[in-house]
Amino acid sequence: MIALGNNSLNAARRARDLDRLDADRGPVDVLVIGGGVTGVGVALDAAARGLSVVLAEKHDLAFGTSRWSSKLVHGGLRYLASGHIGIAYESAVERGILMKRTAPHLVHAVPQLAPWLPQASKSQAGMIRGAFLGGDVLRTIARTSEEVLPRSRRVSTAEVLRYAPTLRPDGLRGGFLTWDGQLYDDARLVVAIARTAAAYGARVLTHCEATEVTGGGAVLVDRFTGRRIDVPARIVINATGIWAGEVAPGIRLRPSRGTHLVLPQSAFGGLSAVLTLPVPGQLRRVVMAIPAPDGRVYVGLTDEDAPGPVPDVPTATEAEISFLLDTVSAAVQVPLTRADLLGTYAGLRPLLDSDHGPTADISRRHAVITSPDGLVTIVGGKLTTYRRMAQDALDAALGPAGRSAAGRGVDRLTPGPCQTARLPLVGAASLVELAAVRAPARFVQRYGVEAPAVIAGDPALLAPIAPGVPTTHAELLFAVRHEGAMTPDDLLDRRTRLGLSAADRELALPAAQAAFASV
């Protein structure tokens, strides 16, 4: 296990890293721009290969699309149903790596239930059953055992209602059940990867904007002080996701907005599986209700064109909210209304522009693009396959095309092969070891074997920070001291996800502000 001090991200370490970077002035091996899941994945891959690494993020870790996912680690059923077998296989392999080796503390098996509703056609039911069976084949080929993810099966109406008590029983014809992976939280995965990269020596600089970016380096600007540092680099990787075209102007993206609703578990009567509901009249489209921590359910998602300027924080449209509420309401006994909403969130997928068709038809396969000056850009893909995306981007930069970029010194680098498929993230351990951790389940699910360090100290810190908000003062302090939280927004919107509910965010703000004052 990596020692806590080696992987801690905090204001003091950030200041030291900036000072050293300013004093050195020599080229770093790899400069990564972007602190989403792919960017931190590249930083970890490069650092684990023995390269010197700097990661610059304009805002915070997981500020962009990486925190707006469905929090699922998919095995690729959607891609299998649409004929993209290669992407589906890659997803299944990467899911297995996360669940078995790199992050078993953050990713767990979750049942996925597809009820056969009266309004669903035989074609829709057949398509879902076929996709579930195909998922079994992919799981087997990817060498993920049935002990980790059980095989799919047909289930009775009674069993359907045990998983999803609020479904309308009239006309229900049983359903289909499979298993997939679910993240405790997507932003926590990003933080864990970043901290693991830091343990291998990467300098992770949040709130630090990269400007004047070329294939040979960039100027980093500390957004707190305005300090400017010229950073030459042998390799520069643009992992800014939806903003990739702003860093590499030749990249053309077609953003697709995916929207989710945040609802209380009370509206679903104790939902215990990912409820998968077909959209009437659309063979391959579904809406999912996903049980989440702290008594929440996420309902999503949409796939809509989002042209125009890219906002820092996308927002759901009224039409998307209505669509999701209406689709779920058609299947449950008590229809959902806007009064049930705790909040909404939306993310933009960085899809390569294919010049035709709806965004739902654009391939989710990632792409690595090298500019004439050697700048490497990684776009597309999805959260589940972040590790492979990072590996492909770094391999491309180190390969013949990358080495041919004159003047960058890439030919001097002789790193070993990628290590990340077998490299546990901070907090990771086997399921047996995790079960033996002496800490409440809430903390083990969030921190793995680091949970005892989080709860150590004054017992008063284990009290909730506000009435009805389960987050504790200890969690806020750990985020400031070890997880790189630099502002109250970092605490509320990424480290804890309290910001997904406007009411919870308001209640928690004083405690978040106090956490910085007490460090």
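- Under the 3.5 Å distance criterion, the side-chain polar atoms of N238 are matched with a main-chain donor or acceptor of T240.
- Checking R497, R446, R442 one by one against D294, the salt bridge (Lys or Arg N to Asp or Glu O under 4.0 Å) holds for a single residue, R442.
- For the atom pair I251 CD1 and S371 OG, the distance stands at 5.5 Å (nearest 0.5 Å).
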>> Evaluate R338 against E318 for salt bridge (charged side-chain N to carboxylate O under 4.0 Å, His left out), listing each step before the verdict.
In response: CA-CA 10 Å; R338 277 172 166 73; E318 289 300 312; 2.7 Å; yes
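- With hydrogens and angles ignored, the 3.5 Å screen pairs a side-chain donor or acceptor of T337 with a backbone N or O of A339.
- Remark: the E57 side chain and the T206 side chain contain no N/O donor-acceptor pair separated by less than 3.5 Å.
- Taking both residues in full, the closest heavy atoms of P115 and L277 are given as CG-CD2, 3.8 Å, listed atom of the first, atom of the second, then distance.
- Taking the side chain as every heavy atom from C-beta outward, T344 and V262 never approach each other to under 4.5 Å.
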> Given the rule in the side chain to side chain contact (heavy atoms under 4.5 Å, CB included) test, do R188 and V190 qualify, once you have shown the distances and angles that lead to the verdict?
Replying inline: CA-CA 5 Å; R188 294 209 60 76; V190 176; over 6 Å; no
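- Nearest heavy atom pair, residue I378 against residue A393, reads CB-CB, 4.0 Å.
- A pairwise comparison of heavy atoms in A218 and L31 identifies CB-CD2, 3.8 Å as the closest pair.
- Note that CD1 of I242 is 6.0 Å distant from OG1 of T65, once rounded to the nearest 0.5 Å.
- R153 places no side-chain N or O within 3.5 Å of a backbone atom of F176 that could act as its donor or acceptor partner.
- For the residue pair T317 and E320, a side-chain donor N or O sits within less than 3.5 Å of a side-chain acceptor on the partner.
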>> Walk me through whether H260 and Y298 qualify under ring pair (Phe, Tyr, Trp, His ring centres under 6.0 Å).
In response: CA-CA 6 Å; H260 292 81; Y298 303 137; 7.0 Å; no
>> The test is side chain to side chain contact (heavy atoms under 4.5 Å, CB included); show your working for L375 and T370 and say whether it passes.
In response: CA-CA 6 Å; L375 175 63; T370 303; over 6 Å; no
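- The structure places CG of L325 at 8.0 Å from CG of D340, a figure rounded to the nearest 0.5 Å.
- Under the 3.5 Å distance criterion, the side-chain polar atoms of E475 are matched with a main-chain donor or acceptor of T472.
- Here the side chains of V313 and Y345 are not in contact, with every heavy-atom distance at 4.5 Å or above.
- Within the 3.5 Å criterion, the main-chain N or O of M288 finds no donor-acceptor partner in the side chain of T276.
- Side chain of S66 to main chain of V37: a donor-acceptor pair is present (N/O by atom type, distance under 3.5 Å, no hydrogens or angles).
- In terms of heavy atoms, A244 sits closest to L253 at CB-CD1, 4.1 Å.
- To the nearest 0.5 Å, atoms CG (D136) and OG1 (T178) are separated by 5.5 Å.
- Between the side chain of T157 and the backbone N or O of L172, at least one donor-acceptor pair lies under 3.5 Å.
- In the model, S329 has no side-chain atom that pairs as donor or acceptor with a side-chain atom of D326 under 3.5 Å.
- Between L348 and W68 the shortest side-chain heavy-atom distance does not fall below 4.5 Å.
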>> Applying side chain to side chain contact (heavy atoms under 4.5 Å, CB included) to L72 and L183, what does each step give before you reach the verdict?
In response: CA-CA 6 Å; L72 295 175; L183 275 166; over 6 Å; no
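- Residues H482 and V454 are not in side-chain contact: their nearest non-hydrogen atoms beyond the backbone lie 4.5 Å or more apart.
- Under the 4.0 Å criterion applied to side-chain N and carboxylate O atoms, E90 and K382 are not assigned as salt-bridge partners.
- For the pair L301 and S70, the minimum side-chain heavy-atom distance is below 4.5 Å.
- The residues D60 and R67 are annotated as not salt-bridged, no charged nitrogen and carboxylate oxygen being separated by less than 4.0 angstrom.
- For the residue pair R223 and H59, a side-chain donor N or O sits within less than 3.5 Å of a side-chain acceptor on the partner.
- In this structure, L351 and P255 have side chains that are not in contact, with every pair of non-hydrogen atoms separated by 4.5 Å or more.
- T214 is not listed as a side-chain neighbour of V236, based on a closest heavy-atom distance of 4.5 Å or more.
- No side-chain N or O of R95 forms a donor-acceptor pair with one of T385 less than 3.5 Å apart.
- The distance from atom CG of L500 to atom CZ of R296, rounded to the nearest 0.5 Å, is 5.0 Å.
- Taking both residues in full, the closest heavy atoms of P291 and Q265 are given as CB-NE2, 3.9 Å, listed atom of the first, atom of the second, then distance.
- The two atoms that bring L138 and Y89 nearest to each other are CD2-CA, 3.8 Å, heavy atoms only.
- Electrostatic pairing of R494 and D489 does not count as a salt bridge here, judged by no charged N lying under 4.0 Å from a carboxylate O.
- Remark: the H366 side chain and the D392 side chain contain an N/O donor-acceptor pair separated by less than 3.5 Å.
- Atom-to-atom distance recorded for E94:CD and M99:CE is 13.5 Å, nearest 0.5 angstrom.
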>> Using side chain to side chain contact (heavy atoms under 4.5 Å, CB included), reason through T377 and V368 one step at a time and then give a plain yes or no.
In response: CA-CA 6 Å; T377 297; V368 180; over 6 Å; no
> Can D305 and R257 be said to form a salt bridge (charged side-chain N to carboxylate O under 4.0 Å, His left out), step by step?
Replying inline: CA-CA 6 Å; D305 260 317; R257 185 176 55 252; over 6 Å; no
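- Applying side-chain contact (heavy atoms from CB on, under 4.5 Å) to Y163 and the options L275, L177, V274, V155 leaves one that passes, L177.
- Among R349, R285, R254, the single residue meeting the salt bridge (Lys or Arg N to Asp or Glu O under 4.0 Å) criterion with D303 is R349.
- Between F443 and Y447, the angle of the ring planes stays under 30°, which puts this pair in the parallel group of the 30/60° scheme.
- Contact of the L491 side chain with the V480 side chain is registered, since non-hydrogen atoms from C-beta on lie closer than 4.5 Å.
- We find that D45 and R387 are not joined by a salt bridge, their nearest charged nitrogen and carboxylate oxygen being 4.0 Å or further apart.
- Side-chain contact annotation: Q333 with T166, donor-acceptor N/O pair under 3.5 Å absent.
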